[in-house]
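None of the values given here were measured: they were computed from a predicted structure. A, B, ... follow the sequence lines: proteins, then strands. Residue 1 opens every chain.
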Protein chains: 2
Amino acid sequence: MLSQKGRYALRALLVLSEHSGERPMMISEIAAQAKVPRKFLEQILLDLKRRGIVRSVRGRQGGYMLGRAPKDITFADVIRQTDGPLALSPCVSATAYHRCADCVDEATCAIRKVLLAARDATAAVLESSNLASTAPLRRPRRAA
Amino acid sequence: MLSQKGRYALRALLVLSEHSGERPMMISEIAAQAKVPRKFLEQILLDLKRRGIVRSVRGRQGGYMLGRAPKDITFADVIRQTDGPLALSPCVSATAYHRCADCVDEATCAIRKVLLAARDATAAVLESSNLASTAPLRRPRRAA
DNA sequence: CGAATCCCGATTTGTTCTATCGAAATTTCC
DNA sequence: GGAAATTTCGATAGAACAAATCGGGATTCG
């Protein structure tokens, strides 16, 4: 399961990606639209900023914007930052690999084989889904 | 990531599935072979028992055995019991569905679509992997 | 300067994870 | 019938983590 933080991050980023204006968007504005507690969102955005997923402008008229094009921000990027590796075990993680402490032989470990397949399957989905592909193309203002 | 408990459970069950004798296997024997702290394993096996994944015999000469054929115990069964749902969000869980508290419209939620695809991909792997398919067919006693 | 806004460290509160302890219940064996 | 072996169960402890908040520092605009 994703943490609450992870779900908040995804929601906030979708809000940001739909806000196509040139001006950055204030934290409180994002918080309101994404329904995320303001102070908590502050932390989350800082995290995402460290990964380059968002950029910020300080001072008056400041705020946040996406760090790159929506199509270049995958769900995997976001989830890895907020919730850690996609893998079910460190020994099959692409981004945070480390050998299990009590592993006898990684090459023949039956568990590892399955968890590796699971990771690959999950990653295939999350790395091919991005903020652009999932957002509604354009929200109609009224009933068509 | 799986919890330590989840990894322990998988290891213990693989040990049990390779122990093809008719007699049940004692907790301490399983613990030694699977390298799991004895008392912790006790709790884990009780959990697995509630799900019918293992059965037990009490008293002298007692111990644990698989609750059904190894091929009928999937990784998904085990992980769901020890670590909870495979899904990344309750709203896409097959076994523990519930609507997100602040969800506006589940049918059009962009996040949900992706998480649902991720769950399906993960479940496909973990539900088709079982204790029999992954265990070495027969461990050679010595170098062949 | 002063107001608006992001930045950052600390703290709080509650929950989960990992592991252990001690004793009760059950069964076998003599 | 009693002793020994074994599972069962409730309680506990400490560490780590999650969710959220607080208060003030740093930066920029007007």
Inset, instruction - With the side chain of B/Lys39 defined as its heavy atoms from C-beta on, choose the nearest nucleotide among C/dC7, C/dA19, C/dC21. - result: C/dC21

Inset, instruction - Under 4.0 Å from any atom of DNA chain C, heavy atoms only: list the residues of residues 47-59 of chain B that qualify, in numerical order. - result: B/Arg58, B/Gly59

Inset, instruction - Rounded off to whole Å, could you give me the CZ-to-C1' distance for the A/Phe40 and C/dT11 pair? - result: 15 Å

Legend entry - Pairing string, 5' to 3', for DNA chain D - Watson-Crick or wobble contacts under 3.5 Å, brackets [ ] where pairs cross, | to another strand: ||||||||||||||||||||||||||||||

Inset, instruction - Using the side chain to side chain donor-acceptor pair (under 3.5 Å) rule, pick out the option among A/Arg50, A/Lys5, A/Arg51 that qualifies with A/Gln81. - result: A/Arg51

Legend entry - Check: A/Val78 main-chain N/O paired with A/Thr82 side-chain donor or acceptor under 3.5 Å: yes

Legend entry - Donor-acceptor contact present, side-chain A/Ser17 to main-chain A/Leu14, <3.5 Å: yes

Legend entry - Whole-Å gap separating P (C/dT18) and CG (B/Leu41): 14 Å

Legend entry - Heavy-atom side-chain contact between B/Val114 and A/Leu126 under 4.5 Å: yes

Inset, instruction - Consider only side-chain N and O atoms of A/Ser3 and A/Asp83, and report whether a donor and an acceptor are under 3.5 Å apart. - result: yes

Legend entry - Heavy-atom pair of closest approach, residues B/Asp102 and A/Arg11: OD2-NH2, 2.8 Å

Legend entry - Integer-rounded Å distance: C/dC1 P and A/Arg60 CZ: 15 Å

Inset, instruction - Starting at atom CD1 of A/Ile44, determine the distance to atom P of C/dC8, rounded to an integer number of angstrom. - result: 16 Å

Legend entry - Option among B/Ile111, B/Leu116, B/Leu115 that satisfies the side chain to side chain contact (heavy atoms under 4.5 Å, CB included) test with B/Ser89: B/Leu115

Inset, instruction - For A/Ser3 and for B/Leu45, locate the closest nucleotide of DNA chain D by heavy-atom distance; then report the residue assigned to the nucleotide nearer the 5' terminus. - result: B/Leu45

Inset, instruction - Provide, to the nearest angstrom, the distance between the CD1 atom belonging to A/Ile27 and the P atom belonging to C/dC8. - result: 12 Å

Legend entry - Expected output: side-chain B/Arg112 to main-chain B/Cys91 donor-acceptor under 3.5 Å: yes

Inset, instruction - May I ask you to decide whether B/Arg38 forms a salt bridge with B/Glu29, counting only side-chain N to carboxylate O separations under 4.0 Å? - result: no

Legend entry - Donor-acceptor contact present, side-chain B/Thr122 to main-chain B/Ala118, <3.5 Å: yes

Inset, instruction - Would you indicate whether B/Arg23, at its atom CZ, is surrounded by more than 12 heavy atoms from other residues, nucleotides or ligands within a distance under 6.0 Å? - result: no

Inset, instruction - For A/Gly62 and for A/Gln43, find the nucleotide of DNA chain C with the closest heavy atom, then tell me which residue's nucleotide is more 5'. - result: A/Gly62

Inset, instruction - Round to a whole Å and report the spacing from OH of B/Tyr8 to P of C/dC17. - result: 14 Å

Inset, instruction - Quickly work out the A/Gln61 CD to C/dA3 C1' distance and round it to whole Å. - result: 12 Å

Legend entry - Spacing between A/Leu46 atom CG and C/dG9 atom P, to the nearest angstrom: 10 Å

Legend entry - Start and end of chain A contact along DNA chain D [non-hydrogen atoms, under 4.0 Å]: D/dA19 to D/dG30

Legend entry - B/Lys49-B/Ser56 side chain donor-acceptor pair, cut-off 3.5 Å: yes

Legend entry - Any donor-acceptor N/O pair under 3.5 Å between C/dC6 base and A/Glu42 side chain: no

